[in-house]
Visitor: 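Sending over a structure as structure tokens; questions will come in a sec.
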Amino acid sequence: SCTKDKAPKPAAIGCTAVDSLNTYNLRIKGILDGNCATVGCHDAVYASSAVDLSAYAVSKTSFETKNALCTIKQEGNCLAMPQGQPKLADSLITYIQCWTENGYPE
């Protein structure tokens, strides 16, 4: 094959590309459990800053009322989360943002 023939770049993941799998139970819970709802942080026992990310209903409320997406995206004057850890991968942030934009499907 010719070296000038290059494969097209894959399309960027947009919210419509992940809608069918991007539910709390299929994807978001795993992200939150592994990065946020850990022991001593945003779990049901500790729930620092009254942000509990351990279950669907409380996670949804936290994203609706506590500006949790801003902290994960580390934008503006929001406290960067996960605290003391590297920023989440852009792909994980995209999943969470799409979950919020699509009405928090369970």
Visitor: Is any side-chain heavy atom of Lys66 closer than 4.5 Å to a side-chain heavy atom of Thr61?
Guide: no
Visitor: Measure from the side-chain N and O atoms of Thr38 to the backbone N and O of Asn35, and report whether any donor-acceptor pair falls under 3.5 Å.
Guide: no
Visitor: Looking only at heavy atoms, which two atoms of Cys78 and Asn67 are closest? And how far apart?
Guide: SG-ND2, 3.7 Å
Visitor: Under a 4.5 Å cut-off applied to non-hydrogen side-chain atoms, are His42 and Met81 in contact?
Guide: yes
Visitor: Just checking Gln74: does its CD atom have more than 12 heavy atoms from other residues, nucleotides or ligands closer to it than 6.0 angstrom?
Guide: yes
Visitor: Going from CH2 on Trp99 to NZ on Lys60, what distance comes out if it is rounded to the nearest 0.5 angstrom?
Guide: 8.5 Å
Visitor: Can we say the SG-SG distance for Cys36 and Cys41 is below 2.5 Å?
Guide: no
Visitor: In Å, rounded to the nearest 0.5 Å, how long is the span from CD1 of Ile28 to OH of Tyr95?
Guide: 9.0 Å
Visitor: So which heavy atom on Val39 is nearest to which on Asp43, and how close?
Guide: CA-OD2, 3.6 Å
Visitor: Quick one about Asn25 and Thr23 (side-chain donor to acceptor, distance below 3.5 Å, no hydrogens or angles considered), yes or no?
Guide: no
Visitor: To the nearest 0.5 angstrom, please state how far the CD1 atom of Ile96 sits from the CZ atom of Arg27.
Guide: 11.0 Å
Visitor: Calculate, to the nearest 0.5 Å, the distance between atoms CD and CG belonging to Gln97 and Asp90 respectively.
Guide: 10.5 Å
Visitor: Would you check if Leu88 and Pro82 make a side-chain contact, meaning some heavy-atom pair closer than 4.5 Å?
Guide: yes
Visitor: For the residue pair Tyr56 and Tyr24, does the interplanar ring angle fall in the parallel (under 30°), tilted (30 to 60°) or perpendicular (over 60°) class?
Guide: perpendicular
Visitor: Are Ile93 and Val51 connected in a single hydrophobic cluster, I mean Ile/Leu/Val/Met/Phe/Trp/Tyr linked by side-chain heavy atoms less than 4.5 Å apart?
Guide: yes
Visitor: Does Leu32 share a hydrophobic cluster with Leu92, counting links as ILVMFWY side-chain heavy atoms below 4.5 Å and allowing steps through other members?
Guide: yes
Visitor: Mind checking the CG-CD spacing from Leu26 to Glu106? Nearest 0.5 Å is all I need.
Guide: 11.0 Å
Visitor: What heavy-atom pair brings Ser59 and Ser54 nearest, and what distance separates the two atoms?
Guide: OG-N, 4.1 Å
Visitor: Search all heavy atoms of Ala37 against all heavy atoms of Leu53 and return the closest pair with its distance.
Guide: CB-O, 3.3 Å
